Amino acid sequence: QTTTVSTQTTETAVATPQEDPRLRLTPFYAEIVEKLHRFFRLRTFRTNQLEAITSTMEGKDVFVLMPTGGGKSLCYQLPAICQGGSSSGVTIIVSPLLALMEDQVENLMQRGIEALQWTSEAKDSPSSDVNKRMYASNRPNLLYVTPEKMANSGQAKSLLSYLHRNGQLARFVIDEAHCISSWGHDFRNAYLALGQLRQTYPGVPIMALTATATPRAADDIIKNLHIERCIRLKQSFNRTNLHYSVVPKKKMNLIAKWIQENHAGESGIIYTLSKKGAETGAEQLRNEGIAAEHYHAGMTDDDRKVVYRNWKSNRTQVMVATIAFGMGIDKPDVRFVIHHTIPKSLDGYYQETGRAGRDGNPSDCVLHYAYKDANTLYKMIREPKDQAPLPPAVVARQEEALRAVILYCNDISQCRRVHILRFFGETFEQKTCKKMCDNCANPMPLEDQDMTAQARSFVSFIQAVTNARVDITQDMALAAMRGANTKPLLEKGLTGYSDFGACSASPKELIELLLARLLCDQILDEQNIQNGSGFSNAYLRVSVMPLHHSNELTAII
Ligand code: ADP
Ligand code: MG
Ligand code: ZN
């Protein structure tokens with residue numbers, strides 16, 4: 001008997017036409033396999049790759065949902081160099097990120113495959129190199145363009161029409177297709193113009209690929225691209241080799257110690273919220289003897305390239321970065337991804353942690369949680385800096401996403417995968433986790449506690465505080481509910497309230513958990529109020545949601 005180790009994706013041996021009757025019917029199967037070996041030096045397909053390739057060569061629209069690292073690029077690079085089916089001509093690949101394109105083009109050139117990239121930076125001019133080569137008859141089979149170039153460049157449009165007229169437009173590929181959906185976490189305006197492709201270039205197959213589509217976003221992408229009759233290829237998003245955990249937020253020097261004890265010399269990423277945080281974080285790690293550099297959007301392209309190369313080639317061990325360090329990272333042996341600040345959504349968290357363990361080996365995803373950070377993020381959503389306020393609907397969506405993160409952090413019993421995979425419309429069986437998350441690995445001796453009485457006391461206390469217009473922080477409220485430090489509250493005008501200490505019989509941790517739950521369930525809310533010195537603080541209020549009257553409130557923790 002053999003034991004198979006399942007990694008994030010299954011690799012299926014290349015089926016011979018004799019084995020799979022369906023494939024025997026595709027006249028171009030032999031060509032696909034031959035080019036897989038010759039150019040990509042691969043012997044097997046991963047889940048859904050062959051299906052995607054065959055379908056697009058048959059001229060069908062295809063929607064590919066595949067986790068990060070699953071091998072989406074091959075799904076369009078391979079058919080692009082084939083001639084069979086509807087493949088002859090140029091495959092146009094719309095990709096949102098310069099670095100991503102450069103990586104791919106370089107990679108293809110090394111394999112002896114010609115590819116060009118056309119970015120908004122390249123000015124329209126008849127003599128531009130891209131233009132010249134694309135009108136020549138021995139043009140490359142792959143042309144990468146940014147969505148902005150597609151939307152705004154007259155020259156790009158002329159070229160596409162020319163190719164279309166001459167039957168030389170093999171297909172459109174929309175990589176990172178979640179950018180077309182406002183449900184995605186990376187919505188890009190220029191992507192919307194891609195909705196015109198079907199009408200402008202009728203008969204040209206479209207392939208859309210993403211790793212992040214929630215069911216809502218997937219529908220959105222398909223509708224926006226007008227590919228309702230597409231072949232949908234989807235696989236489980238569970239990354240079996242990633243270990244997820246949440247820990248109370250620690251300082252960088254302790255994180256350095258954790259790295260040295262658990263991942264000495266191994267590659268990793270630490271995500272911080274701010275550019276400054278990335279810089280100081282990297283410096284603190286260096287002070288602890290760890291080779292670390294920072295990466296954020298405030299750096300020049302050149303600087304970013306240099307630190308990326310250093311990290312990719314293991315000259316630096318740890319990249320301390322904002323989420324600007326993202327799409328297109330292709331390093332197989334990232335052994336840990338640490339979030340020093342909580343992410344903005346679980347969808348984003350899945351993406352960011354997905355950069356760990358692409359080689360299938362065990363890797364750690366550790367989220368450092370402090371409610372204080374959640375509050376900072378709430379504030380950024382409600383009052384974005386250097387930017388016009390967001391439309392209310394967007395604010396509501398982003399707050400909802402953040403609340404899911406906070407709930408994830410506060411949950412000490414549920415499997416982490418259940419939370420994460422729910423976002424991809426997957427119902428995950430807890431036992432399939434195989435102790436690869438903190439909650440499954442160390443099941444707490446949990447027992448349900450009816451906290452309804454305490455919850456009601458807490459809410460009526462905050463109601464009194466709200467009515468009396470007293471500003472009270474979480475810490476002050478927790479203390480008061482346990483009967484401590486009530487004098488300043490009385491001085492601030494909270495007269496007539498007498499139930500201080502209503503929760504003093506319960507352990508402190510339990511009351512903290514209760515407060516977190518009340519915030520998550522939007523029964524309580526926090527308001528940022530600026531004080532005299534220009535700093536703003538978060539103060540508790542009873543949420544204005546009419547749904548939650550305290551006498552309807554039950555709380556089981
Ligand atoms: P994605 O875009 O889905 O995140 P990539 O296309 O960048 O993933 O591929 C991730 C890695 O998987 C690359 O290193 C690629 O070479 C590798 N890969 C893709 N397909 C296969 C395959 N059939 N067999 C082995 N490795 C593969
Ligand atoms: Mg990709
Ligand atoms: Zn689990």
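Values below: every heavy atom of this structure, side chains too, minus hydrogens, waters and symmetry copies. All values reported here derive from a predicted model rather than from experimental measurement. In each ligand, atom 1 is the first atom listed, and ligand 1 is the first ligand listed.
Among L100, L42, D103, I329, the residue whose heavy atom sits closest to atom 21 (C) of ligand 1 is L42. Across R41, R46, R358, heavy-atom proximity to atom 12 (O) of ligand 1 is greatest for R46.
Those atoms of ligand 1 with a heavy atom of S73 less than 4.0 angstrom away are 2 (O), 5 (P), 6 (O), 7 (O). Atoms of ligand 1 lying under 4.0 Å from at least one heavy atom of T44, given by number and element, are 22 (C), 23 (N), 24 (N).
Salt bridge status for R358 with D333: absent, with no side-chain N to carboxylate O gap under 4.0 Å.
K344 NZ: 12 or fewer foreign heavy atoms inside a 6.0 Å radius.
Of the residues L160, V90, L163, the one that meets the side chain to side chain contact (heavy atoms under 4.5 Å, CB included) test with L143 is V90. The only member of E228, R232, H226 that meets side chain to side chain contact (heavy atoms under 4.5 Å, CB included) when paired with C230 is R232.
Residue pairs meeting the salt bridge (Lys or Arg N to Asp or Glu O under 4.0 Å) criterion with at least one partner in residues 406-421, sequence neighbours excluded, are R416-D438.
Between the side chains of R403 and Y408, no donor-acceptor pair is found at a separation under 3.5 Å. No side-chain N or O of N152 forms a donor-acceptor pair with one of K157 less than 3.5 Å apart.
Counting only protein N, O or S atoms, 4 lie closer than 2.8 Å to the Zn ion (ligand 3).
At a heavy-atom distance under 4.0 Å, only side-chain atoms of Q49, from C-beta outward, approach ligand 1.
The shell of residues lying under 4.0 angstrom from ligand 1, judged by heavy atoms, includes P67.
Taking the six-membered ring for Trp and the full ring otherwise, F237 and Y350 have centroids separated by under 6.0 Å.
For the pair K250 and W258, the NZ or CZ position fails the cation-pi test of under 6.0 Å to the six-membered ring centre and within 45 degrees of the ring normal.
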